[in-house]
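Data first, discussion second: the structure below is written as structure tokens.
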Amino acid sequence: MSNDVLKMINRIFSSTTILNFGALFTDVTPNFVTPAEPNAGDDVTIKFRTARNNVDGVDIVIDDQHYPMKLSKQTGIFDYYSIKFPRVYNKLRYYFEIHSDRLNVIYNRLGVLREANHDYDFQIVPGFKTPDWAKGAVFYQIFVDRFCNGDTSNDVVDREYSYVGRHVRRIEDWNKIPDAMDVGNFYGGDLQGVMNKLDYLKDLGVEAIYLNPIFVSPSNHKYDIQDYDYIDPHFGKIVKDEGEPLQEWNTDNTSATKYISRVTSKENLKASNRLFAKLVAEAHARGIKVILDGVFNHCGSFNKWLDKERIYDQNPDYEKGAYVSGDSPYRSFFKFQDENAWPCNGSYNGWWGHDTLPKLNYEESVKLHDYIMKIGRKWVSPPYNCDGWRLDVAADLGYSEDYNHSFWRDFRTAVKDANPDAIILAEHYGNPKEWLNGDQWDTIMNYGAFMEPITWFLTGVEKHSDEFRGDFLGNADFFKGTIRNYMSYMMYNSLYVSMNELSNHDHSRFLTRTNHRVGRIQTVGAETANENVSRGIMRMAVTFQMTWPGAPTIYYGDEAGVCGWTDPDSRRTYPWGHEDHQMIQFHKDIIKLHNDYKCLRTGSLKFLHGEYRLIAYGRFNFKEAVAVIINTDYTEKEIKLHVRELGVHNNRTMKRVLITFEEGYTLDEQIVMVQNNVLTVVVPKNSAAIYTCKL
């Protein structure tokens, strides 16, 4: 034990008043900041909570300047101190100092500390707003080729063209496991299939769909965009279908006349865009938002601006690509190492060296910058009216970090001017602070403060299933420390719209991770992904997902029991006709619980308990409280939770509304009395339980 901690303890016990640490609380939700997302120039009121009659005073500290707060409200349990700052225009960074007899402690985003650490200050940025519809909204990610085939007439045909040196092929068996080399295999999923399943998604409780890329592209994943202006007709509509596929011996795409006709014909492209506009309208009619995947760091070698495959070369409707001609109007869109290699200049820079993924050269092309700004506006505007963008490898855009930030500032302005309620969320693995200052991204795919900590805690397996760490499995201290640290990188309005996924197209399926096994499809085979999995652990994970701050995001098929090692095995088809109906029903039930309690969308968060293989936390506002217990141990445990810290009074009852266990789950309610300010419950082994209370 450190000397500082010993000194603190001695001061506590030598004081007349024992400071109630559990009662100390604030955050930047609407519970404690009004308005929580102020406009520039608004008055801002900040509150801090203590136990009733427990402290001598509270200061808010800004730039080392102490501002005493006033006791503004008392309840039967708490005192609330507040302070109003008039006409706030600039970012506020602050923490609190609490005075109790001779004891002074600091409170910041990590909780009670002995000394200030400005890395964990609270922050408010006037003018930074994230869409209210996204706060706590249930998202659903769809990898389109593998979700549902609603129109067989637009399916890729065998040998339609060549990709990465191989003929593409149509997979006839919908239930076939993906090959280890899968990028040119197509199962036929399309936008009509998504439209056909909108009622299923609505019934599940989905409020927003995130679509993996859908623009014209040669791969099944479509992260190698060929044309940003149009939806791929293989996902949309093929009304003009001419030409022939390649011969067995031929991999030269200048002879792929069927493919050229399908993806360059304006009839097909315009019809596909119209179908997409219809899909968005149908989704909106059901109260479901639609988010697109923006791949702006790089494009594809098939792209009409480069045209390495000579898809557009003989078409008078298209300009010459920069690979074909040094005089191309798109020459500046790419960085070429050899200025004397035309025609057919292959010396362009590729992302991570991949010549199929040419890196876009924004720093040297205002025209390219302006084009992508136009694309950003186009798809969130009529007639398409999409509700935002997910940004692929967003921190890699450009050749310098300064340009990266400049680009995303411009992109935010362009998109928000066109659709102020559109969300901008980025794929990002590290510290996102520099992009989440209110002028660039709204939020991120939440790996550090969601997917990774809960995966380690429940499974001990890394998100690609590449590593097992027994010391992380069930380690409540590691879980709490990691997740609080990464949460501190985001302001609250970013955190509450962050994409909280258990699985996605880049990582192994969470259900497979529950087998605690390391592997990939090419090393251990596909069937091992289905072996020794635990639906009980999966239900615990989903319980956490639906009760943790952020936007819970279901990767298509997770709710139906789909397994799979990391990409490409995680891109198995949705198992229509072979679904795990109990798992689907569980998702429906817990999504309803998520939607029934507003505090699970925008309420405050407080850790209540942690020990080996067990965590407990609460979500609360001034009207309701929810306590969640996750027990991964092999034995049942009696747990005592200080729910008074959530605002639950003594001798009140809390209602258990859901409990999972190894074999299933139940919604049968159980009433428990809070005695001595403590909720005492017995939780089964390998279980998750949710208790609620109206305050």
Side-chain angles (χ1 to χ4, degrees), residues 139-156 160 163 168-171 174-176 178 182-198 200-201 204 206 208-228 230-238 262-263 268-269 271-280 282-283 288-295 300 379 384 386-390 392 427 499 501 503-506 509 553-560 562 564 567-576:
F139 286 35
Y140 191 90
Q141 179 185 349
I142 297 177
F143 191 90
V144 177
D145 182 61
R146 308 297 163 84
F147 183 61
C148 179
N149 189 345
D151 179 3
T152 57
S153 70
N154 62 14
D155 290 356
V156 168
E160 186 173 321
Y163 185 73
V168 299
R169 62 180 184 138
R170 165 81 170 93
I171 304 300
W174 179 258
N175 297 308
K176 180 187 178 299
D182 183 63
V183 68
N185 294 342
F186 293 85
Y187 286 70
D190 50 33
L191 296 184
Q192 185 62 53
V194 175
M195 203 178 313
N196 292 350
K197 299 300 181 180
L198 286 175
Y200 163 75
L201 297 178
L204 189 64
V206 169
I209 297 169
Y210 153 46
L211 297 169
N212 283 112
I214 58 174
F215 302 114
V216 182
S217 310
S219 66
N220 55 36
H221 57 67
K222 302 202 179 298
Y223 283 96
D224 47 356
I225 306 297
Q226 186 171 327
D227 190 336
Y228 290 92
Y230 294 103
I231 305 302
D232 196 312
H234 298 95
F235 283 176
K237 284 284 186 184
I238 296 177
R262 284 180 158 192
V263 300
N268 293 338
L269 298 171
S272 297
N273 281 10
R274 287 194 297 270
L275 179 68
F276 178 65
K278 182 180 178 182
L279 166 61
V280 177
E282 290 288 337
I288 298 174
K289 308 287 187 180
V290 178
I291 298 167
L292 289 172
D293 207 326
V295 189
W379 293 101
Y384 308 108
C386 286
D387 301 287
W389 289 97
R390 177 265 188 189
D392 185 58
E427 177 191 29
M499 184 178 278
E501 293 187 292
S503 317
N504 63 28
H505 61 292
D506 284 327
R509 292 275 182 170
T553 303
I554 302 165
Y555 182 44
Y556 79 102
D558 267 11
E559 81 280 15
V562 174
D567 163 31
D569 198 31
S570 58
R571 302 172 182 183
R572 298 183 185 186
T573 53
Y574 186 101
W576 301 110

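Residues take their numbers from the sequence shown, with the count starting at 1. Just so it is clear, the model here is predicted, and its values are computed rather than measured.
The 12-atom threshold is not exceeded at NZ of K278, counting heavy atoms of other residues, nucleotides or ligands nearer than 6.0 Å.
Once rounded to the nearest 0.5 Å, the distance linking CZ of R572 with NZ of K176 reads 11.0 Å. Note that the CG atom of D293 and the CG atom of L211 stand 9.0 Å from one another [nearest 0.5 Å]. Distance CZ/R571 to OH/Y187: 12.0 Å, rounded to 0.5 Å. The line from CG of N268 to CD1 of I231 is 13.5 Å long, rounded to the nearest 0.5 Å. In this structure, OG in S219 is found 10.0 Å from CD in Q226, a value given to the nearest 0.5 Å. Taking CZ of R170 as the reference point, atom CG of D155 lies at 4.0 Å (rounded to 0.5 Å).
Within the 4.5 Å cutoff, the side chain of R146 has heavy atoms near those of the N220 side chain. Side-chain contact between I214 and K222 is absent, with no heavy-atom pair separated by less than 4.5 Å. Contact annotation: the side chain of P233 approaches that of V216 to within less than 4.5 Å [non-hydrogen atoms, C-beta and beyond]. For the pair H221/P213, no side-chain contact is recorded, criterion being any heavy-atom separation below 4.5 Å from C-beta on. Proximity of D506 to E427: side-chain heavy atoms (C-beta onward) are separated by under 4.5 Å at one or more points. A 4.5 Å side-chain heavy-atom check between E501 and Q141 finds at least one atom pair inside the cut-off. Counting only heavy atoms from C-beta outward, the side chains of F147 and W576 approach each other to under 4.5 Å.
In terms of heavy atoms, L191 sits closest to V144 at N-CG1, 4.2 Å. Scanning all heavy atoms of the two residues, the minimum distance from H234 to I238 falls at CD2-CD1, 4.4 Å.
Between the S503 side chain and the Y555 main chain, no donor and acceptor come within less than 3.5 Å of each other. For W174 (side chain) and Y574 (main-chain N/O), a donor-acceptor pair under 3.5 Å exists by modelled atom type. Distance alone, capped at 3.5 Å, places no donor-acceptor pair between the N154 side chain and the K237 backbone. Looking only at distances, a side-chain donor or acceptor of E559 sits under 3.5 Å from a matching main-chain atom of G557. Counting only distance, with no hydrogens or angles, the side chain of D145 and the backbone of F186 share no donor-acceptor pair below 3.5 Å. Checked by atom type and distance alone, the side chain of N273 never pairs as donor or acceptor with a backbone atom of Y230 at under 3.5 Å. The backbone N or O of D151 sits less than 3.5 Å from a side-chain atom of D190, completing a donor-acceptor pair.
Each of N149, T152, L279, L275 was scored for a side-chain contact (heavy atoms from CB on, under 4.5 Å) with Q192, with one residue passing: L275. If you run side-chain contact (heavy atoms from CB on, under 4.5 Å) between F139 and each of I209, T553, I288, V206, only T553 comes through. For the side-chain contact (heavy atoms from CB on, under 4.5 Å) with P218, the qualifying choice from I225, D224, D232 is D224, the only one to do so.
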Exercise for review: Tell me, with the steps shown, if I171 and T573 meet side chain to side chain contact (heavy atoms under 4.5 Å, CB included).
Suggested key: CA-CA 11 Å; I171 304 300; T573 53; over 6 Å; no
**Study point:** From CA spacing to verdict: side chain to side chain contact (heavy atoms under 4.5 Å, CB included), Y223, N212
**Key:** CA-CA 8 Å; Y223 283 96; N212 283 112; 2.7 Å; yes
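The aromatic rings of F276 and W379 stand perpendicular to each other, their planes meeting at an angle above 60°, with 30° marking the opposite boundary. Ring geometry for Y228 against F215 counts as tilted: the plane angle lies between 30° and 60°, on a 0 to 90° scale.
Judged by the 6.0 Å and 45° rule, R509 forms a cation-pi pair with Y556.
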